[in-house]
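Within every chain, numbering begins at 1; the chains are lettered A, B, ... in the order of the sequence lines, protein sequences first and strands thereafter.
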Protein chains: 2
Amino acid sequence: MFLVYLCGMQQNLKSELTKQVIIDEAFRLFHENGFKTTSIDKIMLATKLTKGAFYHHYKSKKELGLEVIGSKLQNRVCQAMIEPLGAPGDVFHILENTFLNRIKTFSLYDKEHGCPMNNFINEIGDFEIVYQAALKNIIEAWKLALIKLIERGKKEGVIQNNVSSNAVAVYLISAFEGIRGIRKLYDNDLILDEYILGLAFYLKQLKTVK
Amino acid sequence: MFLVYLCGMQQNLKSELTKQVIIDEAFRLFHENGFKTTSIDKIMLATKLTKGAFYHHYKSKKELGLEVIGSKLQNRVCQAMIEPLGAPGDVFHILENTFLNRIKTFSLYDKEHGCPMNNFINEIGDFEIVYQAALKNIIEAWKLALIKLIERGKKEGVIQNNVSSNAVAVYLISAFEGIRGIRKLYDNDLILDEYILGLAFYLKQLKTVK
DNA sequence: CCAAAAACATACTAATTGGTATGTTTTATG
DNA sequence: CATAAAACATACCAATTAGTATGTTTTTGG
């Protein structure tokens with residue numbers, strides 16, 4: 001298994017590197033201009049490679065789209081929104097950090113172009129079933145991690161027991177994705193501040209009364 | 001002013017009727033397949049008219065897009081989401097009816113293709129400033145009507161005073177738009193049920209404790 | 001060093017795009 | 001009824017699209 005790669009290593013690495021460059025530029029252009037309206041030509045112009053190189057590594061735009069969603073996008077969401085939920089520590093601190101504090105630290109680029117996943121969902125969530133499934137995977141993973149955290153909060157007695165963990169998870173995710181779309185329309189952060197205030201109130205209500 | 005139209009009435013009416021047909025078909029196709037990927041040809045094929053007719057009434061696709069957003073879309077949102085907020089009656093009944101009960105009555109078509117406004121926002125909210133402004137108009141009108149209702153709730157003593165009306169309005173809208181995107185990924189209403197449960201809990205927390 | 005395969009480039013295709021130029025038909029008005 | 005204008009149709013344009021066919025260059029393994 002290891003020896004097999006000893007000789008073909010250089011070529012194999014080159015191939016993987018090229019694919020990564022294509023994925024990175026594709027993701028960036030999808031994020032900035034949308035999936036459907038970003039052509040293979042534009043992507044390959046950005047990579048400084050040619051169409052021939054693209055169709056050597058991918059059989060279609062659909063295959064690329066699925067890989068961008070299934071690896072690049074999924075990794076980003078995992079790293080930023082899912083993994084932090086599994087960390088030890090105060091449940092409310094974790095919730096505040098991922099859903100509230102983090103949104104303040106977004107770059108102007110991210111505020112202007114919105115959430116890549118939300119963009120995908122709204123543009124091609126009803127386009128083809130394969131994209132639908134790939135995007136649903138990410139949302140489901142996020143939702144599950146969130147439910148787990150809320151359940152922990154209940155067990156530790158810091159979150160009210162009379163509320164469905166699933167419902168809270170879905171409501172948190174919905175509002176987060178919603179505001180990231182709406183923020184696009186504005187040229188300042190006032191709307192984000194209002195969201196943050198609204199979320200802070202919501203989180204406070206989840207706490208068990210002492 | 002009135003006499004001017006007395007004679008040209010038939011032609012004027014025909015023009016308005018044709019434009020309405022174009023707007024209706026355009027809105028439908030934008031909703032089903034997105035704005036950027038819906039061509040003038042496709043729209044005019046649906047109207048059973050031709051490209052010549054289109055460019056007689058509109059100078060560009062952009063002009064059509066702006067009219068679809070500024071009239072058709074705005075009217076829809078006003079009718080479904082804004083006007084009900086101004087009606088007399090119990091504040092919580094109104095909130096529940098517009099944000100909670102109404103979502104249950106959506107057709108499969110509306111569930112599959114999501115919220116037209118949210119689709120526009122996420123597809124072209126960062127595309128051109130004119131679209132941005134047109135969409136922001138609608139959101140702002142919605143937000144204002146919602147704030148007014150919440151303020152009324154506070155005055156009537158049914159909504160807690162220690163919560164920002166702006167924050168609640170933005171959080172309600174965000175979650176509503178967010179879930180309408182996410183619902184696209186699923187082939188059943190379970191995720192909607194969870195949203196509804198989450199929202200119901202949220203609304204309950206807004207109530208003044210008796 | 002040499003063949004074969006992988007990586008990439010060049011040059012195409014047919015279909016679609018927004019938009020225009022130039023018709024023909026319908027309606028309005030003196 | 002004549003003529004002008006509005007409403008609509010037909011035929012085009014250059015640019016862009018996803019994808020293919022056929023190259024050339026680089027890497028691999030003997």
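As rounded to whole Å, 14 Å separates atom C1' of D:dT16 from atom CD1 of A:Ile43. Across the protein-nucleic acid pair, A:Leu64 atom CG and D:dG19 atom P stand 11 Å apart, rounded to whole Å. Atom CG of A:Leu13 and atom C1' of C:dA6 are 14 Å apart (whole Å).
For B:Tyr55, the side-chain contact (heavy atoms from CB on, under 4.5 Å) partners two or more places apart in sequence, or in a different chain, are B:Ile40, B:Lys51. Among residues two or more places apart in sequence or in another chain, the side-chain contact (heavy atoms from CB on, under 4.5 Å) test is passed with A:Asn119 by A:His31, A:Lys184, B:Asn122. By the side-chain contact (heavy atoms from CB on, under 4.5 Å) test, B:Lys62 is found to be paired with B:Ser60, B:Leu66, B:Glu128, B:Val130, B:Tyr131, residues two or more places apart in sequence or in another chain being considered. Qualifying ring-ring contact (aromatic ring centres under 6.0 Å, His included) partners for A:Tyr186, counting only residues two or more places apart in sequence or in other chains: none. Judged as a side-chain contact (heavy atoms from CB on, under 4.5 Å), and not counting sequence neighbours, the contacts of A:Glu194 are A:Ile191, B:Lys143, B:Asn166, B:Val170.
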Can you give one letter per nucleotide of nucleotides 7-22 of chain C, going 5' to 3': B for a protein heavy atom under 4.0 Å from the base, S for sugar-phosphate only, - for none?
BBBB------SBBB--
